[in-house]
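Inspection log for the structure reproduced underneath, given as C-alpha coordinates.
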Amino acid sequence: MIDNNPMLNKLENLLTWTAKRQQAIGANLANLDTPGYRAKDYSFDSELQEARKYDVNTTVKADGNNVDLEREMTEMNKNGIQYLTVVQFLNQKLRMLRSSIVDGGKL
Amino acid sequence: MSLLNALDVNASGLTAQRTRVEISSANLANSQTTRTLEGGPYRRQQVVLQTTSFEESLGRALADGVQGVEVSQVVQDQRPFDRRYEPGHPDADSEGYVLYPNVSAMEEMANLMSASRNYEANIAAIGVVKSMITRTMEIGR
(Lines give C-alpha, C1' and ligand atoms only; values in the text may rest on other atoms or scores of the structure.)
Protein backbone atom coordinates (compact mmCIF):
# COMPACT_ATOMS: atom_id res chain seq x y z
CA MET A 1 0.00 0.00 0.00
CA ILE A 2 2.83 2.36 0.85
CA ASP A 3 4.81 1.05 -2.12
CA ASN A 4 2.30 1.94 -4.80
CA ASN A 5 0.63 4.89 -3.17
CA PRO A 6 -0.12 7.08 -6.23
CA MET A 7 0.27 10.33 -4.34
CA LEU A 8 3.66 9.37 -2.91
CA ASN A 9 4.82 8.34 -6.39
CA LYS A 10 3.66 11.63 -7.88
CA LEU A 11 5.39 13.63 -5.18
CA GLU A 12 8.55 11.61 -5.68
CA ASN A 13 8.48 12.25 -9.44
CA LEU A 14 7.87 15.93 -8.88
CA LEU A 15 10.86 16.04 -6.52
CA THR A 16 13.09 14.35 -9.09
CA TRP A 17 12.01 16.67 -11.90
CA THR A 18 12.38 19.76 -9.75
CA ALA A 19 15.95 18.71 -8.90
CA LYS A 20 16.59 18.16 -12.61
CA ARG A 21 15.25 21.60 -13.41
CA GLN A 22 17.54 23.16 -10.83
CA GLN A 23 20.41 21.44 -12.61
CA ALA A 24 19.38 22.92 -15.96
CA ILE A 25 18.91 26.43 -14.52
CA GLY A 26 22.25 26.14 -12.71
CA ALA A 27 23.94 25.22 -16.00
CA ASN A 28 22.32 28.25 -17.67
CA LEU A 29 23.70 30.48 -14.93
CA ALA A 30 27.17 28.93 -15.20
CA ASN A 31 27.10 29.66 -18.93
CA LEU A 32 25.96 33.29 -18.69
CA ASP A 33 28.98 34.40 -20.73
CA THR A 34 29.62 31.41 -22.95
CA PRO A 35 29.37 32.43 -26.61
CA GLY A 36 26.85 30.38 -28.56
CA TYR A 37 25.28 28.79 -25.50
CA ARG A 38 21.48 28.32 -25.62
CA ALA A 39 19.54 28.22 -22.35
CA LYS A 40 17.70 24.98 -21.60
CA ASP A 41 14.85 24.13 -19.29
CA TYR A 42 12.44 21.30 -18.50
CA SER A 43 8.68 21.15 -18.58
CA PHE A 44 6.57 18.39 -17.04
CA ASP A 45 3.33 16.90 -18.27
CA SER A 46 0.29 17.20 -16.02
CA GLU A 47 0.54 13.53 -15.00
CA LEU A 48 4.15 14.10 -13.89
CA GLN A 49 5.20 11.05 -15.85
CA GLU A 50 7.96 12.64 -17.90
CA ALA A 51 10.06 15.77 -18.11
CA ARG A 52 10.64 17.32 -21.52
CA LYS A 53 13.74 19.34 -22.26
CA TYR A 54 13.26 22.52 -24.30
CA ASP A 55 15.27 25.49 -25.50
CA VAL A 56 14.37 28.70 -23.72
CA ASN A 57 12.95 31.24 -26.15
CA THR A 58 14.67 34.47 -25.12
CA THR A 59 16.42 37.10 -27.22
CA VAL A 60 19.71 35.86 -28.62
CA LYS A 61 22.57 38.28 -27.99
CA ALA A 62 25.24 39.18 -30.55
CA ASP A 63 27.54 36.37 -29.34
CA GLY A 64 24.86 33.72 -29.87
CA ASN A 65 24.12 33.36 -26.15
CA ASN A 66 20.53 33.71 -24.96
CA VAL A 67 20.76 33.29 -21.17
CA ASP A 68 18.56 35.89 -19.49
CA LEU A 69 19.90 36.42 -15.96
CA GLU A 70 16.61 37.77 -14.56
CA ARG A 71 14.56 34.96 -16.04
CA GLU A 72 16.91 32.31 -14.67
CA MET A 73 17.02 33.86 -11.18
CA THR A 74 13.21 34.07 -11.05
CA GLU A 75 12.72 30.53 -12.32
CA MET A 76 15.40 29.24 -9.94
CA ASN A 77 13.70 30.78 -6.91
CA LYS A 78 10.26 29.56 -8.03
CA ASN A 79 11.69 26.10 -8.56
CA GLY A 80 13.41 26.13 -5.15
CA ILE A 81 10.18 27.12 -3.41
CA GLN A 82 8.35 24.37 -5.28
CA TYR A 83 10.93 21.83 -4.10
CA LEU A 84 10.50 22.89 -0.47
CA THR A 85 6.72 22.73 -0.86
CA VAL A 86 6.87 19.21 -2.26
CA VAL A 87 9.13 18.07 0.60
CA GLN A 88 6.61 19.58 3.03
CA PHE A 89 3.76 17.67 1.35
CA LEU A 90 5.77 14.49 1.35
CA ASN A 91 6.53 14.84 5.06
CA GLN A 92 2.87 15.48 5.82
CA LYS A 93 1.84 12.40 3.86
CA LEU A 94 4.46 10.24 5.59
CA ARG A 95 3.38 11.59 8.99
CA MET A 96 -0.18 10.59 8.25
CA LEU A 97 0.92 7.10 7.21
CA ARG A 98 3.06 6.74 10.33
CA SER A 99 0.33 7.91 12.63
CA SER A 100 -2.11 5.43 11.10
CA ILE A 101 0.45 2.66 11.68
CA VAL A 102 1.42 3.67 15.22
CA ASP A 103 -1.93 4.85 16.54
CA GLY A 104 -3.87 2.18 14.68
CA GLY A 105 -2.09 -0.51 16.71
CA LYS A 106 -3.16 1.04 20.01
CA LEU A 107 -6.85 0.29 19.65
CA MET B 1 22.55 12.56 -7.28
CA SER B 2 21.53 15.30 -9.66
CA LEU B 3 21.61 18.05 -7.02
CA LEU B 4 25.30 17.41 -6.39
CA ASN B 5 25.93 17.72 -10.13
CA ALA B 6 24.13 21.05 -10.01
CA LEU B 7 26.65 22.15 -7.39
CA ASP B 8 29.54 21.11 -9.65
CA VAL B 9 28.06 23.01 -12.58
CA ASN B 10 27.74 26.23 -10.59
CA ALA B 11 31.21 25.73 -9.12
CA SER B 12 32.53 25.66 -12.69
CA GLY B 13 30.70 28.96 -13.24
CA LEU B 14 32.43 30.44 -10.18
CA THR B 15 35.84 29.35 -11.45
CA ALA B 16 35.20 30.83 -14.90
CA GLN B 17 34.01 34.17 -13.52
CA ARG B 18 36.89 34.34 -11.07
CA THR B 19 39.32 33.81 -13.94
CA ARG B 20 37.66 36.70 -15.78
CA VAL B 21 38.16 38.92 -12.72
CA GLU B 22 41.81 37.84 -12.42
CA ILE B 23 42.53 38.60 -16.05
CA SER B 24 40.74 41.95 -15.94
CA SER B 25 42.69 42.87 -12.80
CA ALA B 26 45.96 41.96 -14.50
CA ASN B 27 44.94 44.12 -17.47
CA LEU B 28 44.15 47.07 -15.22
CA ALA B 29 47.34 46.64 -13.20
CA ASN B 30 49.38 46.64 -16.40
CA SER B 31 47.48 49.38 -18.21
CA GLN B 32 50.61 51.59 -18.29
CA THR B 33 53.29 48.88 -18.56
CA THR B 34 55.66 49.61 -21.43
CA ARG B 35 58.16 46.81 -20.76
CA THR B 36 57.40 43.10 -20.68
CA LEU B 37 59.46 39.89 -20.76
CA GLU B 38 58.54 39.36 -24.42
CA GLY B 39 59.58 42.93 -25.15
CA GLY B 40 57.32 45.81 -26.05
CA PRO B 41 54.30 47.03 -24.09
CA TYR B 42 51.81 44.79 -22.28
CA ARG B 43 49.13 43.28 -24.51
CA ARG B 44 45.58 43.03 -23.17
CA GLN B 45 44.54 39.46 -22.23
CA GLN B 46 41.13 38.05 -22.92
CA VAL B 47 39.33 34.97 -21.58
CA VAL B 48 37.54 32.57 -23.95
CA LEU B 49 34.77 30.55 -22.30
CA GLN B 50 33.31 27.32 -23.60
CA THR B 51 30.82 24.76 -22.33
CA THR B 52 32.03 21.50 -20.85
CA SER B 53 29.91 18.45 -20.84
CA PHE B 54 29.94 16.86 -17.42
CA GLU B 55 29.37 13.54 -19.12
CA GLU B 56 32.85 13.86 -20.56
CA SER B 57 34.71 15.60 -17.78
CA LEU B 58 33.43 13.47 -14.93
CA GLY B 59 32.82 10.29 -16.87
CA ARG B 60 29.34 10.01 -15.43
CA ALA B 61 26.46 8.68 -17.45
CA LEU B 62 24.04 11.56 -17.30
CA ALA B 63 21.15 11.17 -19.67
CA ASP B 64 20.64 14.92 -20.00
CA GLY B 65 24.27 15.97 -20.39
CA VAL B 66 24.23 19.09 -18.23
CA GLN B 67 26.83 21.58 -19.37
CA GLY B 68 29.20 23.42 -17.11
CA VAL B 69 31.59 26.08 -18.28
CA GLU B 70 35.36 26.28 -18.52
CA VAL B 71 38.04 28.68 -19.66
CA SER B 72 39.19 27.21 -22.95
CA GLN B 73 42.05 29.67 -23.45
CA VAL B 74 43.39 33.07 -22.58
CA VAL B 75 44.14 34.98 -25.77
CA GLN B 76 45.91 38.25 -26.45
CA ASP B 77 43.94 41.18 -27.76
CA GLN B 78 45.41 42.04 -31.18
CA ARG B 79 44.10 45.60 -31.32
CA PRO B 80 46.83 48.23 -31.91
CA PHE B 81 48.73 49.78 -29.03
CA ASP B 82 48.05 53.28 -27.81
CA ARG B 83 50.69 55.63 -29.30
CA ARG B 84 51.45 58.68 -27.19
CA TYR B 85 53.88 61.51 -27.77
CA GLU B 86 56.31 61.49 -24.81
CA PRO B 87 59.80 62.39 -26.06
CA GLY B 88 61.32 62.27 -22.55
CA HIS B 89 60.28 58.64 -21.96
CA PRO B 90 63.14 56.08 -22.07
CA ASP B 91 61.00 53.81 -24.31
CA ALA B 92 60.22 56.54 -26.82
CA ASP B 93 61.07 55.81 -30.46
CA SER B 94 63.13 58.12 -32.68
CA GLU B 95 60.05 60.29 -33.32
CA GLY B 96 59.33 60.62 -29.61
CA TYR B 97 56.31 58.29 -29.49
CA VAL B 98 55.81 55.66 -26.76
CA LEU B 99 53.63 52.59 -27.26
CA TYR B 100 51.24 52.04 -24.33
CA PRO B 101 49.17 48.87 -23.73
CA ASN B 102 45.89 48.45 -25.61
CA VAL B 103 44.00 48.36 -22.30
CA SER B 104 40.94 50.54 -21.82
CA ALA B 105 40.14 51.11 -18.14
CA MET B 106 36.47 51.63 -19.00
CA GLU B 107 36.25 48.31 -20.80
CA GLU B 108 37.96 46.45 -17.95
CA MET B 109 35.66 48.01 -15.35
CA ALA B 110 32.60 46.94 -17.34
CA ASN B 111 34.08 43.43 -17.58
CA LEU B 112 34.76 43.34 -13.84
CA MET B 113 31.20 44.36 -13.05
CA SER B 114 29.72 41.77 -15.38
CA ALA B 115 31.97 39.05 -13.98
CA SER B 116 31.18 39.86 -10.36
CA ARG B 117 27.44 39.99 -11.08
CA ASN B 118 27.59 36.60 -12.76
CA TYR B 119 29.70 35.25 -9.88
CA GLU B 120 26.92 36.31 -7.50
CA ALA B 121 24.32 34.58 -9.67
CA ASN B 122 26.24 31.32 -9.35
CA ILE B 123 26.59 31.83 -5.58
CA ALA B 124 22.82 32.31 -5.35
CA ALA B 125 22.27 29.10 -7.32
CA ILE B 126 24.57 27.21 -4.94
CA GLY B 127 22.57 28.61 -2.02
CA VAL B 128 19.32 27.31 -3.49
CA VAL B 129 20.81 23.86 -4.15
CA LYS B 130 22.16 23.72 -0.60
CA SER B 131 18.75 24.47 0.89
CA MET B 132 17.19 21.85 -1.39
CA ILE B 133 19.69 19.24 -0.23
CA THR B 134 19.15 20.16 3.43
CA ARG B 135 15.38 19.80 3.03
CA THR B 136 15.83 16.45 1.31
CA MET B 137 17.63 15.20 4.40
CA GLU B 138 14.56 16.08 6.44
CA ILE B 139 12.18 13.86 4.47
CA GLY B 140 10.47 11.39 6.77
CA ARG B 141 11.75 12.98 9.93
Side-chain angles (χ1 to χ4, degrees), chain A residues 2 8 11-12 15-42 50-53 63-65 67-95 97-98, chain B residues 1-17 19-21 46-55 62-72 111 114-141:
Chain A
I2 298 175
L8 277 183
L11 288 175
E12 188 194 329
L15 214 52
T16 313
W17 300 141
T18 317
K20 229 185 167 87
R21 241 195 116 203
Q22 170 60 38
Q23 210 178 357
I25 297 173
N28 293 344
L29 286 175
N31 285 292
L32 269 166
D33 295 312
T34 314
Y37 180 86
R38 295 301 167 96
K40 291 167 191 76
D41 203 345
Y42 284 99
E50 59 173 351
R52 196 174 52 84
K53 198 175 191 174
D63 62 356
N65 180 309
V67 182
D68 179 342
L69 177 62
E70 286 73 23
R71 184 232 175 237
E72 300 302 330
M73 292 303 282
T74 319
E75 290 303 317
M76 180 175 76
N77 282 306
K78 272 156 68 179
N79 194 56
I81 292 168
Q82 183 179 347
Y83 192 88
L84 303 189
T85 316
V86 176
V87 171
Q88 198 82 4
F89 260 86
L90 206 52
N91 275 332
Q92 190 61 36
K93 187 78 191 159
L94 289 170
R95 226 171 283 136
L97 281 170
R98 185 181 300 146
Chain B
M1 187 175 162
S2 66
L3 281 176
L4 293 181
N5 287 331
L7 281 182
D8 291 341
V9 168
N10 287 119
S12 77
L14 290 181
T15 312
Q17 300 303 337
T19 313
R20 279 183 74 202
V21 171
Q46 216 168 357
V47 174
V48 181
L49 300 180
Q50 71 176 25
T51 53
T52 48
S53 163
F54 271 70
E55 267 175 298
L62 293 174
D64 31 276
V66 175
Q67 289 174 310
V69 65
E70 68 181 9
V71 175
S72 72
N111 257 330
S114 142
S116 85
R117 205 170 67 129
N118 296 351
Y119 191 89
E120 281 169 33
N122 279 289
I123 292 275
I126 288 176
V128 168
V129 175
K130 265 170 64 187
S131 79
M132 283 166 83
I133 293 176
T134 319
R135 286 304 171 99
T136 315
M137 301 307 174
E138 287 167 12
I139 293 178
R141 220 178 253 174

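Residue numbers begin at 1 in each chain, while the letters A, B, ... track the order of the sequences. FYI, side chains are in, hydrogens and waters are out, and symmetry mates aren't considered; it's all heavy atoms of this structure.
- Residues meeting the salt bridge (charged side-chain N to carboxylate O under 4.0 Å, His left out) test with A:Asp41, sequence neighbours left out: A:Arg21, A:Arg71.
- Of all non-hydrogen atoms in B:Ile139 and A:Leu90, the two that sit nearest each other are CD1-CD2, 3.9 Å.
- Interatomic distance, A:Ile81 CD1 to B:Met132 CE, rounded to the nearest 0.5 Å: 11.5 Å.
- Both the backbone and the side chain of B:Asn118 come within less than 4.5 Å of a heavy atom in chain A.
- Neither the backbone nor the side chain of A:Glu72 comes within less than 4.5 Å of any heavy atom in chain B.
- Only the side chain of B:Ser114 comes within contact range of chain A, judged by heavy atoms closer than 4.5 Å.
- Partners of A:Arg38 by salt bridge (charged side-chain N to carboxylate O under 4.0 Å, His left out), not counting sequence neighbours: none found.
- Looking at A:Lys40, the atoms closer than 4.5 Å to chain B (heavy atoms on both sides) all sit in the side chain, from C-beta outward.
- Rounded to the nearest 0.5 Å, atoms CG (A:Asn31) and OG (B:Ser12) are 7.0 Å apart.
- A heavy-atom distance below 4.5 Å is found between the side chains of A:Leu69 and B:Arg117.
- Annotation for A:Gln22 and B:Val128: closest pair OE1-CG1, 3.6 Å, computed over non-hydrogen atoms.
- Using a 4.5 Å cut-off between heavy atoms, A:Gln82 makes no contact with chain B at all.
- Here A:Asp33 is the residue among A:Val87, A:Leu32, A:Thr34, A:Asp33 with the most heavy-atom pairs under 4.5 Å with chain B.
- For A:Leu29 against B:Ala125, the heavy-atom pair with the smallest separation is CD1-CB, 3.8 Å.
- Rounding to the nearest 0.5 Å places NZ of A:Lys20 at 11.5 Å from CG of B:Leu3.
- Not a single donor-acceptor pair under 3.5 Å links the side chain of B:Arg135 to the backbone N or O of A:Thr85.
- With a threshold of 4.5 angstrom between heavy atoms, A:Met73 approaches chain B through side-chain atoms but not through N, CA, C or O.
- For A:Asn77, the part sitting under 4.5 Å from any heavy atom of chain B is the side chain, from C-beta outward, and nothing else.
- Around CD of A:Gln88, the count of heavy atoms belonging to other residues, nucleotides or ligands within 6.0 Å does not exceed 12.
- There is no contact between B:Ala16 and chain A, counting heavy-atom distances below 4.5 Å.
- Neither the backbone nor the side chain of A:Ile25 comes within less than 4.5 Å of any heavy atom in chain B.
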